[in-house]
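What follows is one structure encoded as structure tokens, with my remarks underneath.
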Amino acid sequence: MDVTAIIAPLNDAQREAVTTETRSTLVLAGAGSGKTRVLVHRIAWLLRVAHATPWSILAVTFTNKAAGEMRARIEPLLGGPQGGVWSGTFHAISHRLLRMHWKEAGLPQTFQIMDSDDQLRLIKKVLKALELDDSRYPPKQVAWFINSNKDEGRRPAALAQSDPSQRQMVRLYEEYEKHCARSGVVDFAELLLRAVETLRDDARLLEHYQRRFAHLLIDEFQDTNAVQYAFVKLLAGANGGVFVVGDDDQSIYGWRGARVENILRFQQDFPGTKVVRLEQNYRSTNGILKAANAVISNNTERLGKNLWTDRGEGETVKVYGAYNEHDEAQFTIERIRRFVDAGHARAECAILYRSNAQSRVFEEALLSARMPYRVYGGLRFYERQEIKDALAYLKLIENRNDDASFDRVVNTPTRGIGAKTLDEIRDEAKREGWSLWQSARSLLARKSLPARAASALEGFLRLVQELDDSIEGLPLGEQVDAVVQGSGLLEMYAKEKGDKGEARTENLGELVSAARGFDPDDAPTIVADNSIEAQGSPDGAVLLDGRAVGDPITPMAAFLAHAALEAGEGQAAEWEDCVQLMTLHSVKGLEFPLVFMTGLEDGLFPHQRSVEDGRGLEEERRLCYVGMTRAMQQLYMTYAEQRRLYGSDTFGMPSRFLREVPTDLIEEIRPRVQVARPMYASHGGALPETATRVAPGSSLYEPPAIKLGARVRHPVFGEGVVLNSEGQGAQARVQVNFERAGAKWLVMQFAKLETI
DNA sequence: AGAGCCATTGTTTTT
DNA sequence: CAATGGCTCT
């Protein structure tokens, strides 16, 4: 393997990035510009040309999927699997550090990871324990408060306690942390924060890793939050090489703490950063690209970048204004059918929408059209109830103090441990500061429970202990099998009637086979490969206290972490050729020859709640940009004039993003016959259509004459508020709720409305 | 323990 | 329009 093979397939900008010798590099990689390629080739370059050792490289990605893809692409380039390189998500890497250095991190060796679902349950418990009203402090909001503070690196002590409700929130945060500590569980945000704090506060550990990881590579840098940024900065230290790749125009996770500003900050914090822009797009035709560029250019907070391509103009972007959501679905399917009839695969087509709820109409239509499809998102394997039950038993076997797991299965299957007994246990736990397991044992020892409850509880404790004893020394798969059966879960779900029970027992079976097939070595970020560290790297990485750095991780611990960190795909990968349905968020990173962006109506997309502030709107616009740039050959953008939402009909205006595409780049497809809008339109695509150039004055380009929520005055009815509007141009009507006369529909053309 | 009833409440998602 | 959660009643 020589240098040519690594750099030959690259364009100038890509090559400049891959071969850079500056300490810090920022690659601004536009959509479809070969971002992953640059990352992969950079690693190959470091190994083969700069002669870096594998263990000096740490590559961080945003999702597990991306990490897997990166690993898969490095292999052929280097002619074999690359052991020693640490790669994975920030969470997986943090987890690995914490497992190895649990002592330094102040965690029990058997600490367990708590997912968002467990977290919410715990918060509800804490609310109850503090006797706070959960309608005044909605658990979701509390979770948001805790998580976003952790994402920003703030512990309760660092928080202002300005007003009483803020004080309560901080108290909840504190109490929540106590519960976590007591039961030895760690939530997602905690994984990161704890890892950063541990490194920060332990000079020897920090020095070891700073010296070891001479090369840091971070993907999707625009999606990093404050703690992740701190993590990078900490590990880089004063000398480490940092190579970050990102695209400010594709930052769509601001709402969960991601900070685009990190890109700007990076250049300040790492003086001398070389900035490389990848602007040549290899994915889309020029028409699509120009349209996408036009939309994103409306954002003010940009680093600036213009994608170009040397592919041909291609087809124009098509816009379709449907009567309603059913018409929208029919139209979409009809176009897919044409595409497929022309010899394409269904899997080349993607239907995108803003929110998951919108998939339903498409699913129904696809079903009745007998067209196979696959919906991304939804309930994932390790999030299923029966799987979580089984995992809870396993976690409890690992760590008796895991309260979340105790709570979950103490009475599953039912064994006569009711609310009353549990309250007793919880009271005891609160009084003594113990875990539920410890409290249960104490209550039993003191014989302070009624006989029946006592024997039921006794039975549960014994069951867990017996399971623990019986699986010792067995291979992982047999351990899981023994627990699934011995816990009674399998029997319980087998009794459940109907398909549901069957599906659940099947899933439990799948869990067992997942465990049988689980190879810790396939989860490189989860299992510490101590052998490599023990040998020390040739360039002389230190050993701490002369022993291997950190503790090894058992297969069971690795499996449980894998289940928590990588919740598994929503549906088992079916290899049938099918149409792909997903949200605009989950399409990031993918590409399709034919893309439909649907539901382009103001209020839906951009979403109502984002329209209210400017930054929110810019993020929505980036989401639109992400969607548009997924299309390789053909892009359709559709909206519905009428849509049933939350059980009532709404009349939306075409999305403002549609108006941001220059008219000469799109063709608007409209029904040829202007019929009166049918009440329940569903014309199966049979309606003759015609494609026309959009003329100024077309419905799309006529801004709404009146804003929803505006106050208006009518010569006869007096003052009121605009509730709704419908139609455009001469037919435009508005619904106004008059203070005296009540709600009325008025035709804009005739009603002499005056805004006030 | 489980069925049945009423009220509430609705983005985006990974880890 | 649902899905969810809390509640009561058997």
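Chain letters run A, B, ... following the sequence lines, proteins first, then strands; residues in each count from 1.
Taking the P atom of each, B:dT13 and C:dT4 are spaced 16 Å apart, rounded to whole Å. For B:dT12 and C:dG5, the C1' atoms lie 23 Å apart once the distance is rounded to whole Å.
Using a 4.0 Å heavy-atom distance criterion, A:Asn411 is classed as a sugar-phosphate-only contact. Using a 4.0 Å heavy-atom cutoff across all strands shown, A:Ser610 reaches at least one base atom of the nucleic acid. Across all strands shown, A:Glu620 has heavy atoms under 4.0 Å from base atoms, whether or not it also approaches the sugar-phosphate.
Every residue two or more places apart in sequence or in another chain that forms a side chain to side chain contact (heavy atoms under 4.5 Å, CB included) with A:Thr638 is listed here: A:Tyr320, A:Glu328, A:Phe331, A:Thr598. Checked against salt bridge (Lys or Arg N to Asp or Glu O under 4.0 Å), A:Glu591 has the following partners two or more places apart in sequence or in another chain: A:Arg283. In this structure A:Glu618 satisfies the salt bridge (Lys or Arg N to Asp or Glu O under 4.0 Å) test with no other residue, sequence neighbours excluded. Looking at residues two or more places apart in sequence or on another chain, you find no salt bridge (Lys or Arg N to Asp or Glu O under 4.0 Å) involving A:Arg200. Every residue two or more places apart in sequence or in another chain that forms a side chain to side chain contact (heavy atoms under 4.5 Å, CB included) with A:Ala454 is listed here: A:Leu444, A:Leu449. Residues passing the side chain to side chain contact (heavy atoms under 4.5 Å, CB included) test with A:Trp255, sequence neighbours excluded: A:Tyr253, A:His585, A:Glu619. Judged as a salt bridge (Lys or Arg N to Asp or Glu O under 4.0 Å), and not counting sequence neighbours, the contacts of A:Arg621 are A:Glu660.
Under 4.0 Å is where a charged nitrogen must lie from a carboxylate oxygen, and between A:Glu325 and A:Arg644 no such pair does.
The list of salt bridge (Lys or Arg N to Asp or Glu O under 4.0 Å) pairs with a residue in residues 247-256 of chain A, not counting sequence neighbours, reads A:Asp247-A:Lys305, A:Asp249-A:Arg302, A:Asp249-A:Lys305. Within the structure, every pair that satisfies the salt bridge (Lys or Arg N to Asp or Glu O under 4.0 Å) test and touches residues 122-136 of chain A, not counting sequence neighbours, is listed here: A:Lys125-A:Asp407.
Closest-nucleotide positions on DNA chain B for A:Glu619 and A:Phe188 were compared, and the one nearer the 5' end corresponds to A:Glu619. Between A:Thr414 and A:Met582, the residue whose closest nucleotide on DNA chain B is further toward the 5' end is A:Thr414.
Aromatic ring pairs are classed by plane angle as parallel below 30°, tilted from 30° to 60° and perpendicular above 60°; the pair A:His562 and A:Phe518 is tilted.
Running 5' to 3' along DNA chain B, contacts with non-hydrogen atoms of chain A at under 4.0 Å begin and end at B:dA1 to B:dT15.
If you check residues 353-362 of chain A against DNA chain B, the residues with a heavy atom closer than 4.0 Å are A:Arg354, A:Ser355, A:Asn356, listed by number.
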Each nucleotide N or O in nucleotides 8-10 of chain C that has a protein N or O under 3.5 Å away: list the pair and distance.
none

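As a whole-Å value, the separation of A:Leu127 CG from C:dG6 C1' is 15 Å.
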